[in-house]
Peer 1: 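Supplied in structure tokens, the structure appears directly below.
Note that ligands are numbered from 1 as they come in the structure, with each ligand's atoms numbered from 1 the same way. Since we're looking at a predicted model, the values are computed, not measured.
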Amino acid sequence: MTIKLFNTYSRALEEFHPLDPAGREVKMYTCGPTVYSHAHIGNFRAYLFEDLLQRHLESREYKVHRVMNITDVDDKTIRGSRGANVPLAEFTAQFKKAFFDDLDTLRIKRADSFPEATDPREIRKMIEMIGTLVERGLAYQAEDKSVYFRINKFPDYGKLAHFDLEELRSTGRVKSDEYDKENIGDFALWKAWDEQDGLVKWSSPWGDGRPGWHIECSAMATQLLGDQLDIHCGGVDNIFPHHEAEIAQTEGCTGKKFVRYWLHCAHLMVDGQKMAKSLGNFYTLRDVIAKGYSGREVRYALMRVHYRAPLNFTWEGMEESRVALGRIDDWVRRLKENAERPTSNVQRRTADSSGFQDALDDDLNISGALGVLFETIRETNRRMDAGEMGAEEAKSWLEWWKGVDQILQIAGEEAEMPAEIAALAAARVQARLAKDWRKSDELRDELAARGWEARDSKDGQKVTRRGGS
Ligand code: AMP
Ligand code: ZN
């Protein structure tokens with residue numbers, strides 16, 4: 001088994017081998033949200049592709065150490081907090097919380113840490129790195145008091161995006177007020193304070209100000225994972241300038257190769273355009289949930305197309321996802337019924353799981369993997385229809401599905417409610433029958449603390465996992 005991944009740096013499929021001498025530990029960094037509003041489902045496409053990657057690596061027995069940053073200071077967050085007339089930290093706190101709620105709804109595994117750019121420890125690291133770059137002549141303070149990276153001093157600048165430095169010089173990517181940079185491609189490491197920033201500032205050897213967005217990621221990645229990473233991900237819009245700048249800053253400080261594999265997902269589109277806040281063509285997760293879809297349906301809809309292919313968001317696509325999940329739920333229910341029937345003299349077969357994982361080994365070929373799943377469903381349903389499947393075989397397919405869903409995370413509630421949750425839910429039904437409302441409320445809280453929600457309707461109690469149907 002060898003995993004192959006498409007590396008943006010080389011523009012080629014490469015065999016995956018982490019730096020760890022034992023070959024098992026993987027250091028993975030993923031650019032996280034800027035918390036100035038609710039993330040849109042395009043952002044979640046990126047986070048879901050990263051989740052799929054992490055879960056697949058884990059299924060192949062890698063130990064993944066993952067960091068995702070939270071950008072809680074930049075122009076947009078500052079503008080938002082001024083507009084709302086509340087301090088920056090208070091303004092961003094609500095969107096941080098919403099972000100974590102959304103991760104749960106989409107069943108995205110939490111990273112090991114979520115460093116925040118405004119954490120004093122991180123700010124210190126950023127200032128330290130900028131100091132090193134200035135000392136080495138890779139950065140300079142301009143007349144406007146901001147500190148810029150000198151791209152001419154970093155010969156590899158442009159290698160990730162496959163840009164020619166000469167071309168960059170003539171791109172005219174510069175705003176007219178940035179006249180005091182040496183080169184229009186130079187980017188800010190430290191932004192000098194101006195009155196728009198209000199109370200948002202930190203002191204530094206170059207005066208009061210705040211870090212640039214790119215240095216935030218270089219500092220947080222190296223602070224928590226070390227100088228060298230195995231995998232760095234993001235959406236394709238992050239390649240330039242953000243990731244290009246991260247390489248220049250980090251390698252400029254450490255002198256070592258920063259990242260072995262750069263992975264980028266294509267955009268989620270709406271009517272042929274990138275879904276983006278700036279275009280106003282976006283849906284937040286809450287918008288889609290409000291239309292009656294569940295977290296797992298959104299998860300499936302955003303994950304079912306290969307991460308490097310653009311995916312068009314449509315409501316028909318959401319309906320197709322609902323139908324696909326319905327088929328899986330029915331299949332799991334039937335397997336369970338079969339697993340409980342006494343075995344008659346039918347053939348014994350055991351499930352073979354290799355096809356599903358083999359497809360994912362090939363640069364996360366999700367279409368191939370889902371093809372294996374649905375072909376398995378078709379064939380095993382046929383055998384159940386024909387009465388050819390014994391209990392042992394049904395059990396082995398259920399085991400197979402458990403492994404598959406460890407990666408996909410799309411099972412319906414009933415199929416995966418753990419025994420202890422079922423016991424709490426049953427106890428609550430008893431408490432309500434006995435009109436013991438206090439006990440009933442306690443059990444509801446107990447369920448909530450474990451990530452499950454109990455709702456009462458005229459048809460009785462319904463217990464669902466957050467993000468479930
Ligand atoms: P941002 O908060 O804009 O920095 O974006 C957070 C992450 O979402 C980054 O990895 C972006 O590349 C990614 N992203 C933004 N818009 C889209 C989109 N429409 N489709 C896929 N990924 C996106
Ligand atoms: Zn980043």
Side-chain angles (χ1 to χ4, degrees), residues 8 28-53 66-77 80 92 95-96 98-99 102-103 106 108 111 114-117 122 126 129 160-161 187 189 211-225 229 231-250 258-259 262-285 287-288 298 301-303 305-314 317:
T8 309
M28 176 168 164
Y29 184 87
T30 50
C31 290
T34 305
V35 282
Y36 70 105
S37 65
H38 290 128
H40 61 67
I41 54 171
N43 301 127
F44 283 110
R45 180 183 195 201
Y47 308 140
L48 278 164
F49 129 69
E50 293 152 1
D51 189 58
L52 180 66
L53 175 60
R66 176 154 171 224
V67 173
M68 180 186 265
N69 71 294
I70 306 268
T71 297
D72 57 357
V73 57
D74 78 329
D75 292 346
K76 287 180 281 201
T77 44
T92 56
F95 299 116
K96 284 179 197 170
F99 173 68
D102 288 355
L103 288 186
L106 290 172
I108 295 175
F114 290 92
E116 298 176 353
E122 304 300 344
M126 294 170 212
M129 287 181 86
L160 176 70
F187 54 87
L189 297 165
W213 173 39
H214 314 314
I215 195 73
E216 293 179 4
C217 280
S218 288
M220 293 189 264
T222 52
Q223 173 110 284
L224 290 152
L225 293 169
L229 316 178
I231 300 178
H232 193 316
C233 309
V236 281
D237 57 333
N238 281 165
I239 298 174
F240 191 87
H242 186 52
H243 290 163
E244 194 73 61
E246 277 189 47
I247 296 175
Q249 298 162 152
T250 316
F258 177 37
V259 171
W262 283 97
L263 269 66
H264 294 98
C265 76
H267 284 142
L268 181 66
M269 317 287 285
V270 185
D271 298 329
Q273 274 190 308
K274 173 192 171 189
M275 181 177 287
K277 288 272 162 66
S278 56
L279 297 172
N281 62 352
F282 65 91
Y283 295 105
T284 65
L285 180 58
D287 295 335
V288 184
V298 182
L302 296 179
M303 226 173 49
V305 168
H306 190 267
Y307 75 94
R308 284 193 291 118
L311 164 61
N312 208 29
F313 178 79
T314 60

Peer 1: Find the distance between OG1 (Thr34) and CG (Asp75) and round it off to the nearest 0.5 Å.
Peer 2: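 Reported to 0.5 Å precision, the distance equals 10.5 Å.
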Peer 1: Assess the side chains of Asp74 and Tyr36: does a donor N or O sit below 3.5 Å from an acceptor N or O?
Peer 2: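 Judged by distance alone, the side chains do not pair up.
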Peer 1: Between Cys31 and the Zn ion (ligand 2), is there a contact where an N/O/S atom of the residue lies under 2.8 Å from the metal?
Peer 2: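 So Cys31 does bind the Zn ion (ligand 2) by this criterion.
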Peer 1: If you compare all heavy atoms of Ala221 against all heavy atoms of Phe258, which two are closest, and at what distance to 0.1 Å?
Peer 2: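 Of all heavy-atom pairs spanning Ala221 and Phe258, the closest is CB-CZ, 4.2 Å.
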Peer 1: To the nearest 10°, how many degrees is the angle Cys217 SG to the Zn ion (ligand 2) to His242 NE2?
Peer 2: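 Approximately 110° at the metal, rounded to tens of degrees.
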Peer 1: Taking all non-hydrogen atoms of both residues into account, name the closest pair between Asn69 and Gly32 and its distance.
Peer 2: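 In terms of heavy atoms, the two residues are closest at OD1-N, 2.7 Å.
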Peer 1: Of the listed options (Leu302, Asp237, Val270), which comes nearest to atom 11 (C) of ligand 1 when hydrogens are ignored and any heavy atom counts?
Peer 2: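 Closest candidate by heavy-atom distance is Asp237.
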Peer 1: Number the atoms of ligand 1 from 1 as they appear, then name those within less than 4.0 Å of a heavy atom of Lys274, with their elements.
Peer 2: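 Atoms satisfying the 4.0 Å criterion: 16 (N), 19 (N).
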Peer 1: Could you identify the single nearest non-hydrogen protein atom to atom 20 (N) of ligand 1 and state the distance to 0.1 Å?
Peer 2: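 For atom 20 (N) of ligand 1, the nearest protein heavy atom comes out as Leu268 N, 2.7 Å.
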Peer 1: Give yes if a backbone or side-chain nitrogen or oxygen of Asn238 is under 3.5 Å from a nitrogen or oxygen of ligand 1, and no if not.
Peer 2: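 Yes.
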Peer 1: Would you kindly say whether His232 and Glu246 are connected by a side-chain donor-acceptor distance under 3.5 Å?
Peer 2: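 Yes, because at least one side-chain N or O of His232 sits under 3.5 Å from a partner of the opposite role on Glu246.
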Peer 1: Write down the atom of Thr77, the atom of Thr71, and the distance for their closest heavy-atom approach.
Peer 2: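 Scanning both residues completely, I find the closest heavy atoms to be CG2-O, 4.3 Å.
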Peer 1: Is Met269 close enough to touch ligand 1? Criterion: a residue heavy atom under 4.0 Å from a ligand atom.
Peer 2: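 No, Met269 has no heavy atom closer than 4.0 Å to ligand 1.
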Peer 1: Among Met275, Arg45, His242, Lys277, whose heavy atom sits nearest atom 19 (N) of ligand 1?
Peer 2: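 Nearest option to atom 19 (N) of ligand 1, by heavy atoms: Met275.
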Peer 1: Does any N or O of ligand 1 fall below 3.5 Å from an N or O anywhere on His267, backbone included?
Peer 2: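 Checking ligand 1 against His267, no N or O pair falls under 3.5 Å apart.
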Peer 1: Can Ser37 and Lys277 be counted as having a side-chain donor-acceptor contact under 3.5 angstrom?
Peer 2: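 Judged by distance alone, the side chains do pair up.
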Peer 1: Among His243, His264, Arg308, find the one that has a side-chain hydrogen bond (donor to acceptor under 3.5 Å, both in side chains) with Thr8.
Peer 2: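 So the option named by the test is His264.
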Peer 1: Say whether, by atom type as modelled, one donor and one acceptor occur between the side chain of Glu216 and the main chain of Ala117 under 3.5 angstrom.
Peer 2: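 No; judged by distance alone, with no hydrogens or angles, the pair does not exist.
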Peer 1: Go through ligand 1 atom by atom and flag the ones less than 4.0 Å from a non-hydrogen atom of Gly42.
Peer 2: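 That gives atoms 17 (C), 18 (C), 19 (N), 20 (N), 21 (C), 22 (N), 23 (C) of ligand 1.
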Peer 1: As an exercise, identify every atom of ligand 1 less than 4.0 angstrom from a heavy atom of Gly234.
Peer 2: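 Those atoms are 10 (O).
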Peer 1: Using a 4.0 Å cutoff against the non-hydrogen atoms of Ala266, which atoms of ligand 1 qualify?
Peer 2: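 Here the atoms of ligand 1 in question are 21 (C).
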Peer 1: Among all the protein's non-hydrogen atoms, which is closest to atom 6 (C) of ligand 1, and how far away is it?
Peer 2: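 Ranked first by proximity to atom 6 (C) of ligand 1 is Tyr47 OH, 3.2 Å.
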Peer 1: List the closest protein heavy-atom neighbour of atom 3 (O) of ligand 1: residue, atom name, distance to the nearest 0.1 Å.
Peer 2: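 Ranking protein heavy atoms by distance from atom 3 (O) of ligand 1, first comes Asn43 ND2, 4.1 Å.
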Peer 1: Below the 3.5 angstrom mark, is there an N/O of Gly235, backbone or side chain, next to an N/O of ligand 1?
Peer 2: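 Right, the criterion is met.
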Peer 1: Within the side chain of Arg45, is there an N or O that forms a donor-acceptor pair under 3.5 Å with the backbone of His267?
Peer 2: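 The answer is yes, because a donor-acceptor pair under 3.5 Å joins these two groups.
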Peer 1: In ligand 1, which numbered atoms sit nearer than 4.0 Å to a non-hydrogen atom of Thr34?
Peer 2: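 Matching atoms, with element in brackets: 2 (O), 4 (O).
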